[in-house]
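Below are the structure tokens for one structure; questions will follow.
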Protein chains: 6
Amino acid sequence: MIYVTRRERFSAAHRLFRDEWTDDKNLEIFDKCSYPNWHGHNYVMYVTVKGDLNPETGFVVNIKRLSKIIKEKIIVKLDHRNLNIDVDFLKGKMASTENLAIGIWEELEPTITALGIHLHCVKIEETENNFVEYFGN
Amino acid sequence: MIYVTRRERFSAAHRLFRDEWTDDKNLEIFDKCSYPNWHGHNYVMYVTVKGDLNPETGFVVNIKRLSKIIKEKIIVKLDHRNLNIDVDFLKGKMASTENLAIGIWEELEPTITALGIHLHCVKIEETENNFVEYFGN
Amino acid sequence: MIYVTRRERFSAAHRLFRDEWTDDKNLEIFDKCSYPNWHGHNYVMYVTVKGDLNPETGFVVNIKRLSKIIKEKIIVKLDHRNLNIDVDFLKGKMASTENLAIGIWEELEPTITALGIHLHCVKIEETENNFVEYFGN
Amino acid sequence: MIYVTRRERFSAAHRLFRDEWTDDKNLEIFDKCSYPNWHGHNYVMYVTVKGDLNPETGFVVNIKRLSKIIKEKIIVKLDHRNLNIDVDFLKGKMASTENLAIGIWEELEPTITALGIHLHCVKIEETENNFVEYFGN
Amino acid sequence: MIYVTRRERFSAAHRLFRDEWTDDKNLEIFDKCSYPNWHGHNYVMYVTVKGDLNPETGFVVNIKRLSKIIKEKIIVKLDHRNLNIDVDFLKGKMASTENLAIGIWEELEPTITALGIHLHCVKIEETENNFVEYFGN
Amino acid sequence: MIYVTRRERFSAAHRLFRDEWTDDKNLEIFDKCSYPNWHGHNYVMYVTVKGDLNPETGFVVNIKRLSKIIKEKIIVKLDHRNLNIDVDFLKGKMASTENLAIGIWEELEPTITALGIHLHCVKIEETENNFVEYFGN
């Protein structure tokens with residue numbers, strides 16, 4: 001088993017709030033993240049897969065192919081988008097980094113598995129100080 | 001003359017577009033940056049001041065004071081805000097990194113000058129690949 | 001289970017030596033780290049917690065609350081301090097990065113557990129080339 | 001159990017291709033990595049060991065000793081070298097990051113074990129976007 | 001005048017040596033950089049341009065256009081190439097970082113000038129510890 | 001004229017305070033930096049020199065020689081030392097980053113000039129948020 005990680009980036013807007021809560025309660029719980037006119041981040045995403053070595057290529061996976069999958073399945077949906085409005089797999093969910101990591105895992109997992117390897121981890125950095133990792137359930 | 005730099009960060013949403021242009025023209029010029037529902041960045045700002053050494057403190061400027069000025073004059077207006085909607089000093093201007101750097105310079109310059117030192121440069125990183133520097137005019 | 005990490009920083013002085021050893025032996029074992037007048041580092045700390053998603057907030061933990069706990073329990077004791085002299089939870093211990101990671105774990109663990117989540121890892125970077133991780137015992 | 005990591009760097013040339021494949025097939029599979037006149041990288045290597053604390057030193061391992069072992073066993077063979085031509089432990093293998101991580105593990109493991117501690121992970125970053133981790137088998 | 005910088009990356013092989021010198025003299029002057037079978041680097045390039053603000057776009061230059069120019073004029077010639085063998089604008093020159101920066105400046109300058117702006121600086125990082133800047137002559 | 005920069009690092013302890021001031025005044029002016037038992041930093045230093053290209057080597061300066069000079073003149077005096085106690089060129093001066101940059105400039109300048117090139121800048125990063133640049137007077 002070897003672990004291979006690809007880093008990709010996307011810039012998106014989002015906001016944390018619950019409609020059924022007052023502005024004051026949203027501010028109390030979500031602080032600045034609840035400000036009404038959106039804010040955004042340069043998200044950094046690390047997708048880690050694991051598998052055995054292909055003896056012909058010396059690869060677990062051709063990382064250009066992995067990058068292409070991530071771009072086609074994820075980046076195109078998230079980059080320069082609004083996570084609350086534009087993203088099908090986040091519909092009805094809080095646009096937290098946790099839900100983002102889970103959503104990306106679920107979008108990627110079938111395609112990664114179809115390559116004969118395993119998705120191991122989706123890691124999302126929201127800022128240089130905050131990040132989330134999801135290893136599936 | 002010694003140069004002292006303070007790094008601060010803010011996360012904001014923005015969008016690049018001109019109302020009087022068609023969506024197609026906006027997309028042609030501004031590409032993904034014109035997407036309608038906003039996107040955002042973790043902006044990194046470097047404020048450089050220059051001046052002579054205060055022999056008592058060994059400082060050009062007390063960097064905690066410089067940081068406090070930047071936070072009170074700039075960060076509070078930009079962090080978790082929408083650059084197109086929420087920021088007084090960007091009203092009526094394209095929310096480009098260039099205009100952001102110029103606007104921050106103009107906000108900070110009088111207060112820095114009042115300290116008896118000089119504002120030298122405002123540098124804004126929008127992503128790890130793009131940044132802008134303004135040295136005044 | 002989702003993993004959430006908060007990064008915090010502190011600057012501290014320390015020195016590695018054993019009183020009962022000669023200066024020569026301390027130098028042989030600890031090299032420059034045994035120099036008599038202290039040296040110091042910009043330590044970078046990563047605190048990783050794990051838990052289930054709170055469906056209301058989309059959070060494992062409110063990261064502002066996690067940051068506040070780390071600041072109140074750890075940073076205030078370590079930042080701009082001398083690890084050999086000033087830190088209660090390092091008294092009588094070698095001020096190594098290993099002991100620092102273990103000590104921080106023990107300081108944080110009860111408070112993190114009381115939040116209904118689990119402390120997963122304390123990682124301390126002493127320099128850009130050396131770091132230590134502790135996952136409890 | 002505590003985990004200690006040392007970061008080291010080396011700059012090397014390499015090329016990905018199979019002699020028995022046509023240039024076109026090599027280009028199809030390995031893309032730019034198959035270009036004939038070599039290319040190269042600033043590889044970053046993280047060697048993680050784990051073990052119990054030595055109560056006298058507060059160390060799992062003297063990290064200067066660990067660094068010396070990595071330099072003598074690995075860096076001297078790889079730094080400013082051609083991975084396809086110059087490296088004994090890669091002879092007959094594709095010069096992929098995966099094989100590099102496995103080869104370095106096998107070179108280091110006996111010496112690390114002889115110290116009474118365990119090799120936990122060899123991580124190799126080929127670029128800022130691609131990295132590989134090997135934990136043994 | 002505002003300064004705008006675009007960061008791009010390329011991975012290349014090279015070697016420093018003079019044919020008319022003995023191997024010993026090459027080793028004495030160029031040390032490991034003279035090793036016969038090439039080595040390589042992940043070069044990081046920063047291209048800084050300066051100019052006035054276009055009031056319609058808020059840009060000095062459309063950074064996507066700048067990036068496209070750099071990719072078409074420079075990256076395609078350098079990425080995954082051998083600096084000593086493959087690069088027309090380095091023919092007959094030592095493949096040093098200094099000559100690389102000068103060569104890139106000369107390749108880019110006419111195209112940048114034709115945009116109505118000015119090339120200000122080409123900065124090349126060879127490793128995290130060594131970099132070169134050229135501002136024209 | 002080409003500019004070449006070498007990055008070096010050192011870890012040191014220091015404290016900011018004036019003997020003739022009360023503890024309260026020191027705390028008011030220097031805040032945590034005045035704490036009595038020292039603290040410390042991983043300082044990062046960038047030494048930039050400028051000069052013409054040597055046509056035989058393609059170098060402004062052999063960067064290994066520049067690194068050796070910095071290590072012998074500066075690092076050996078500062079690394080794992082106490083800036084207030086151990087450093088001859090800081091004696092009688094406040095151990096601020098500003099004075100550190102000026103002191104390093106004065107230590108390096110004659111040796112750099114003797115190489116037939118010019119010292120251009122000494123930059124010192126005290127933390128990831130604070131840095132100082134000195135260009136001589």
Side-chain angles (χ1 to χ4, degrees), chain A residues 12 14-22 25-35 39 41 43-48 83-84 87 89-106 109 119-137, chain C residues 1-11 41-76 78-79 104 108 112 115-125 127-128 131 133-136:
Chain A
H14 83 145
R15 181 192 170 201
L16 298 178
F17 71 107
R18 295 192 70 85
D19 262 344
E20 68 269 29
W21 288 355
T22 62
K25 173 141 192 205
N26 274 305
L27 196 61
E28 181 204 326
I29 303 295
F30 296 119
D31 200 66
K32 292 181 294 186
C33 296
S34 70
Y35 282 1
H39 64 280
H41 300 288
Y43 291 93
V44 185
M45 169 170 47
Y46 299 82
V47 175
T48 302
L83 302 184
N84 299 62
V87 183
F89 64 79
L90 290 175
K91 279 281 155 62
K93 294 181 183 163
M94 192 66 56
S96 66
T97 315
E98 284 90 335
N99 275 327
L100 194 52
I102 297 171
I104 292 169
W105 173 284
E106 288 170 356
E109 200 272 338
L119 182 56
H120 174 67
C121 182
V122 172
K123 175 178 169 182
I124 308 286
E125 295 179 357
E126 190 187 57
T127 70
E128 66 184 34
N129 292 331
N130 298 338
F131 60 86
V132 163
E133 290 158 294
Y134 184 59
F135 298 85
N137 57 19
Chain C
M1 272 289 173
I2 317 200
Y3 295 72
V4 175
T5 299
R6 177 68 187 176
R7 173 183 177 267
E8 301 281 351
R9 300 176 298 116
F10 57 92
S11 297
H41 300 289
N42 298 325
Y43 290 93
V44 185
M45 169 170 47
Y46 298 82
V47 175
T48 302
V49 299
K50 61 185 173 186
D52 295 319
L53 218 57
N54 175 330
E56 271 206 324
T57 58
F59 290 162
V60 168
V61 61
N62 193 321
I63 207 153
K64 284 176 201 299
R65 191 170 179 187
L66 179 59
S67 171
K68 195 159 171 276
I69 289 169
I70 301 170
K71 286 194 176 102
E72 288 174 358
K73 295 267 174 194
I74 305 294
I75 300 295
V76 77
L78 299 179
D79 192 30
I104 291 169
L108 284 177
I112 301 288
L115 295 174
I117 56 175
H118 305 281
L119 182 56
H120 174 67
C121 183
V122 171
K123 176 179 169 181
I124 309 285
E125 295 179 358
T127 70
E128 67 184 33
F131 60 86
E133 289 159 297
Y134 184 59
F135 298 85

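A note on names: the letters A, B, ... follow the listed sequences, proteins ahead of strands, and every chain is numbered from 1. FYI, side chains are in, hydrogens and waters are out, and symmetry mates aren't considered; it's all heavy atoms of this structure.
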Q) Which heavy atom in C:Thr57 sits nearest to a heavy atom in A:Met94, and how many Å separate them? A) O-CG, 3.1 Å

Q | Pairwise distance CD1(A:Ile29) to CG(C:Asn54) - rounded to 0.5 angstrom | A | 9.0 Å

Q. Chain A heavy atoms under 4.5 Å from C:Leu53: which part of the residue, side chain, backbone, both or neither?
A. side chain

Q. Top residue by heavy-atom pair count (under 4.5 Å) with chain A, among C:Glu56, C:Glu8, C:Met1?
A. C:Glu56

Q | Residue C:Lys73 excluded, over 12 heavy atoms near NZ under 6.0 Å | A | no

(Q) Is A:Ile124 close to chain C through its backbone or its side chain, or both, or neither, when contacts mean heavy atoms under 4.5 Å? (A) neither

Q.
Using a 4.5 angstrom heavy-atom cutoff, name the option from A:Glu98, A:Glu125, A:Lys123 with the most pairs to chain C.
A. A:Glu98

Q. Is there a donor-acceptor contact under 3.5 Å linking the side chains of C:Arg7 and A:Asn130?
A. no

Q: Fit a plane to each ring of A:Phe30 and C:Phe59, take the angle between them on a 0 to 90° scale, and name the class: parallel (under 30°), tilted (30 to 60°) or perpendicular (over 60°).
A: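 Perpendicular.
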
Q) If you measure from CD1 on C:Ile63 to CG on A:Asp31, what distance do you get to the nearest 0.5 Å? A)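 Interatomic distance, C:Ile63 CD1 to A:Asp31 CG, rounded to 0.5 Å: 13.0 Å.
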
Q.
So for atom NZ, which belongs to C:Lys68, do other residues, nucleotides or ligands contribute more than 12 heavy atoms lying within a distance under 6.0 Å?
A.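 No, the 6.0 Å shell around NZ holds no more than 12 heavy atoms from other groups.
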
Q) Which atom names give the shortest non-hydrogen contact between C:Gly58 and A:Ser96, and what distance separates them? A) O-OG, 2.6 Å

